[in-house]
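Below is one structure, written out as structure tokens; the observations come after it.
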Amino acid sequence: MSHFSTTEHTALAAVQLTDDERQPCEVWTRVMGYHRPVASFNTGKQGEHNERRFFSETRGCSYHC
């Protein structure tokens with residue numbers, strides 16, 4: 001479900017950016033209790049970050065099934 005209205009979806013779909021107009025996205029992650037930009041990681045840590053797998057948990061039964 002989206003928080004955009006149908007009109008807003010239509011307007012957003014009409015927006016086309018060239019590569020020159022785009023900006024790089026700065027990705028931050030939580031490491032050892034604080035947040036850091038991934039770009040500041042050393043090469044090995046950046047490689048580990050790229051190998052991360054994301055998952056979603058399904059709602060299961062409680063402890064006493």
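Hydrogens, waters and symmetry mates play no part in the numbers below; they use all other heavy atoms, side chains included. A quick note: this is a predicted structure, and the numbers were derived from the prediction, not measured. Counting begins at 1 with the first residue of the sequence.
Phe54 and Val38 end up in different hydrophobic clusters when Ile, Leu, Val, Met, Phe, Trp and Tyr side chains are linked at under 4.5 Å.
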Could you tabulate the donor-acceptor pairs under 3.5 Å formed by side-chain atoms of residues 23-31, not counting sequence neighbours?
from	atom 1	to	atom 2	distance (Å)
Glu26	OE1	Trp28	NE1	3.1
Thr29	OG1	Arg52	NH1	3.0

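Residue pairs meeting the salt bridge (Lys or Arg N to Asp or Glu O under 4.0 Å) criterion with at least one partner in residues 34-45, sequence neighbours excluded, are Lys45-Glu48.
For Arg22, the salt bridge (charged side-chain N to carboxylate O under 4.0 Å, His left out) criterion is met by Asp19, not counting sequence neighbours.
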